[in-house]
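Down below is the structure, laid out as structure tokens.
Numbers restart at 1 for each chain; the letters A, B, ... are given by sequence-line order, proteins then strands.
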Protein chains: 2
Amino acid sequence: MDEKQAVGMFGALSQETRLKIVRMLVVAGPQGMAAGAVAEAAGVSASNVSFHLKELERVGLVTATRESRSIIYAAAYDHLAGLIRFLMEDCCAGRPEICLPATADAGCCPSPAEA
Amino acid sequence: MDEKQAVGMFGALSQETRLKIVRMLVVAGPQGMAAGAVAEAAGVSASNVSFHLKELERVGLVTATRESRSIIYAAAYDHLAGLIRFLMEDCCAGRPEICLPATADAGCCPSPAEA
DNA sequence: TTGATATTCCTATGATTATTGAAATGAAGC
DNA sequence: GCTTCATTTCAATAATCATAGGAATATCAA
């Protein structure tokens, strides 16, 4: 992950519809959702969701695979992880006590206490 | 953290200079850096760094405190953590094995293996 | 107060981006 | 081959944002 990639990804996430889409796909899991289902769930037009999905795919936040008539979009978990890692890189050099709460408890990571 | 806040934060991070600044401040730790030092390190003009620092402060990614003649900017670790949590929210509902790598190993979080 | 330093405000300009609807493409079933 | 369905492309418009330089403000030292 380099700076330009990260800027592109953050830019993709800095738009209400796209952020909503990514969060939906993150919840949807690896099986993903069809473009039409995304459009309906997000409440936007087909052409508009296509526009945004393409942008998300361009920056690497989602993947697209054709499945019969539909195109299935799924969150690119590895790239999401890379983005977070990039943002917090070297945060903890010498000071894990500061950055642990910022990274560890992202909703599912077992905290040091329970681990 | 609501959607609009998150969109604002991602928007703030979607600009090369601002992303560079945030990453510098994340590394700098809670003591932060003076605006002038940030400008020099980022290689941009004083007015430009002021513009970007203000935007970062507006969305809550950095904090500003006056210290004599200088204004010290520091990363808002709690809000950064909130942003990451918001993005990955409910990712792991039922599937921690998918989302753990995306959140746990953000550069400093002890992996389950070492914990 | 005067001078020096640090930061911010103001104004203008150029560039990028979101949105829409209609038309076009690609895939599947009859 | 024709029809239907899902998605994408195209063109035009409106809105937002980055950058620069110069003026203005605030703090400290002498």
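- Atom CZ of residue Phe10(A) and atom CD of residue Gln15(B) lie 13.0 Å apart, to the nearest 0.5 angstrom.
- Residue Ala34(A) is classed as a sugar-phosphate contact, given heavy-atom separations below 4.0 Å to backbone atoms only.
- Where the helix from dT1(C)-dA30(D) to dC30(C)-dG1(D) starts and where it ends, the local axes point in directions that differ by 30°; five pairs per end, rounded to 10°.
- In this structure, Lys54(B) atom NZ and dC17(D) atom C1' are separated by 16 Å, rounded to whole Å.
- Per the geometry, CD1 belonging to Ile71(B) stands 11 Å off P belonging to dA26(D), to the nearest Å.
- At the heavy-atom level, Ala46(B) lies under 4.0 Å from base atoms of the strands shown.
- Per the geometry, CZ belonging to Arg69(B) stands 11 Å off P belonging to dA4(C), to the nearest Å.
- The pair Glu55(A)-Arg58(A) meets the salt-bridge criterion, with a side-chain N (NZ, NE, NH1 or NH2) lying under 4.0 Å from an Asp/Glu carboxylate O.
- Atom CD in Glu16(B) sits about 14 Å away from atom P in dT16(C), given to the nearest Å.
- For Phe10(A) and dT17(C), the CZ to P distance is 17 Å, given to the nearest whole Å.
- Under the 4.5 Å side-chain contact rule for hydrophobic residues, Ile72(B) and Val62(B) do not share a cluster.
- Ranked by how close their nearest DNA chain C nucleotide is to the 5' end, Ser14(A) and Glu57(B) are led by Glu57(B).
- Base engagement by Ser50(A) is indicated by at least one non-hydrogen atom pair under 4.0 Å involving a base atom.
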In B/S/- notation, 5' to 3', how is nucleotides 19-24 of chain C contacted by protein heavy atoms closer than 4.0 Å? BBBB--
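- Rounding to the nearest 0.5 Å gives a distance of 6.5 Å between CZ of Phe51(B) and CZ of Arg18(B).
- Atoms NZ (Lys20(B)) and P (dA18(D)) sit 15 Å apart, rounded to a whole Å.
- By the neighbour-count criterion of 12 heavy atoms within 6.0 Å, atom CD of Glu3(B) is densely surrounded, having more than that number from other residues, nucleotides or ligands.
- Contact check for Leu53(B) versus Ile71(B): no side-chain heavy atoms found under the 4.5 Å cut-off.
- Going from atom CE of Met24(A) over to atom CG of Leu19(A) covers 11.0 Å, rounded to the nearest 0.5 Å.
- Applying the 4.0 Å criterion to OP1 and OP2 of dT8(D), one finds that Tyr73(A) has a side-chain N or O inside that range.
- Proximity of Leu83(A) to Leu13(A): side-chain heavy atoms (C-beta onward) are separated by under 4.5 Å at one or more points.
- One atom, CD of Glu55(A), and another, C1' of dT7(D), lie 18 Å apart when rounded to the nearest Å.
- Rounded to whole angstrom, the span from the CZ atom of Arg58(B) across to the C1' atom of dC9(C) amounts to 16 Å.
- A 4.5 Å side-chain heavy-atom check between Val38(A) and His52(A) finds every atom pair outside the cut-off.
- With DNA chain D read from its 5' end, the first of the two nearest nucleotides for Arg66(B) and Gly11(B) is the one closest to Gly11(B).
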